[in-house]
Amino acid sequence: MHLESPAVPLGKSQEEAFAYLSDLSNFERLMPDTIQTFELLDPDTFRFALKGMPEIVLKRKEETPPERIVLGAASDKLPFTLTADIRDLGSGKSEVQLTFQGQFNAMMAMMVKGPITNFLGTLSSNLSKS
């Protein structure tokens with residue numbers, strides 16, 4: 001399953017946007033209002049839970065400064081990645097697009113597509129306000 005958020009413009013340079021997203025503690029500010037828990041486990045890993053959803057642990061898998069950060073599920077039970085692509089727009093501005101890539105069976109994909117699409121939209125919207 002491949003889902004993308006709309007690209008959101010930021011009033012930050014590409015380097016500033018990368019630095020913001022590289023500090024995983026900032027993801028707490030980007031989470032939906034339905035967040036129940038958020039815990040930074042180490043500089044490369046955080047855990048969160050939303051109402052009605054299982055707890056998820058995300059770990060930094062790779063990064064290409066200042067263009068891309070890839071987070072992935074720490075568990076192999078639900079293999080997926082969340083990628084932030086950061087494009088330079090010049091004049092101290094950038095835009096970020098989030099991409100979710102997961103390997104799910106058809107039934108699971110049907111169940112999670114809506115919630116994940118909403119989650120990506122919320123992260124993007126909150127990022128544009130940060």
Side-chain angles (χ1 to χ4, degrees):
M1 176 176 15
H2 180 89
L3 302 170
E4 294 179 350
S5 75
V8 294
L10 303 181
K12 302 176 193 263
S13 70
Q14 185 181 35
E15 291 78 12
E16 290 170 318
F18 181 84
Y20 184 83
L21 291 170
S22 288
D23 180 354
L24 298 186
S25 67
N26 287 325
F27 275 82
E28 184 172 13
R29 294 185 195 104
L30 304 178
M31 290 289 164
D33 293 337
T34 57
I35 189 164
Q36 289 190 305
T37 61
F38 184 95
E39 181 182 2
L40 191 64
L41 301 175
D42 64 49
D44 292 320
T45 312
F46 67 91
R47 170 186 344 187
F48 72 97
L50 303 175
K51 282 184 188 165
M53 299 289 285
E55 189 172 89
I56 296 171
V57 177
L58 285 176
K59 184 169 189 60
R60 186 186 332 254
K61 296 292 187 180
E62 66 179 82
E63 59 183 25
T64 309
E67 300 164 354
R68 174 179 277 198
I69 298 170
V70 180
L71 304 176
S75 165
D76 290 336
K77 281 195 238 173
L78 292 174
F80 70 89
T81 58
L82 177 64
T83 303
D85 286 304
I86 308 161
R87 287 182 272 298
D88 183 18
L89 299 178
S91 302
K93 297 185 187 313
S94 61
E95 71 178 11
V96 176
Q97 183 171 33
L98 301 175
T99 305
F100 176 91
Q101 186 72 43
Q103 297 173 2
F104 305 117
N105 64 40
M107 179 69 117
M108 178 67 86
M110 190 172 69
M111 288 173 37
V112 301
K113 183 177 182 180
I116 291 171
T117 300
N118 291 339
F119 179 68
L120 286 178
T122 301
L123 289 178
S124 292
S125 175
N126 289 344
L127 182 59
S128 71
K129 298 172 192 170
S130 68

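Computed over heavy atoms, backbone and side chain alike; hydrogens, waters and symmetry mates excluded.
E28 places none of its side-chain heavy atoms less than 4.5 Å from the side chain of F46. Within the 4.5 Å cutoff, side-chain heavy atoms of R87 are placed close to those of Q97. No side-chain heavy atom of L58 sits less than 4.5 Å from a side-chain heavy atom of L24. Residues T83 and Q101 fail the side-chain proximity criterion, which asks for heavy atoms closer than 4.5 Å.
Annotation: side-chain hydrogen bond (donor to acceptor under 3.5 Å, both in side chains) contacts of N105 (sequence neighbours excluded): none.
When all heavy atoms of T45 and L40 are compared, the pair lying nearest together is O-CD1, 3.6 Å.
When the shell of 6.0 Å around CD of E55 is examined, it contains more than 12 heavy atoms from other residues, nucleotides or ligands. Atom NZ of K59 is surrounded by more than 12 heavy atoms from other residues, nucleotides or ligands within 6.0 Å. Within a 6.0 Å radius of NZ in K93, other residues, nucleotides and ligands contribute 12 heavy atoms or fewer.
For residues 114-130, the side-chain hydrogen bond (donor to acceptor under 3.5 Å, both in side chains) pairs, not counting sequence neighbours, are S5-S124.
Atom NZ in K12 sits 15.5 Å away from atom CD in E95 (nearest 0.5 Å). We find the CG-CG distance between L82 and L120 to be 6.5 Å, quoted to the nearest 0.5 Å.
No continuous path of ILVMFWY side-chain contacts below 4.5 Å connects L30 to V70, so the two sit in separate hydrophobic clusters. The hydrophobic clustering, which links ILVMFWY residues whose side-chain heavy atoms are closer than 4.5 Å, places L123 and M53 together.
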How far apart are the C-alpha atoms of L10 and Y20, what are their side-chain angles, what is the distance that settles it, and do they pass the side chain to side chain contact (heavy atoms under 4.5 Å, CB included) test? CA-CA 11 Å; L10 303 181; Y20 184 83; over 6 Å; no
**Residue pair L78, I56: steps toward the side chain to side chain contact (heavy atoms under 4.5 Å, CB included) verdict** = CA-CA 9 Å; L78 292 174; I56 296 171; over 6 Å; no
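Using modelled atom types, one side-chain atom of S13 and one backbone atom of E16 make a donor-acceptor pair closer than 3.5 Å. In terms of modelled atom types and a separation under 3.5 Å, the side chain of R60 and the main chain of S22 share a donor-acceptor contact.
Below 30°, between 30° and 60°, or above 60°: for F80 and F104 the angle between ring planes is between 30° and 60°, a tilted geometry.
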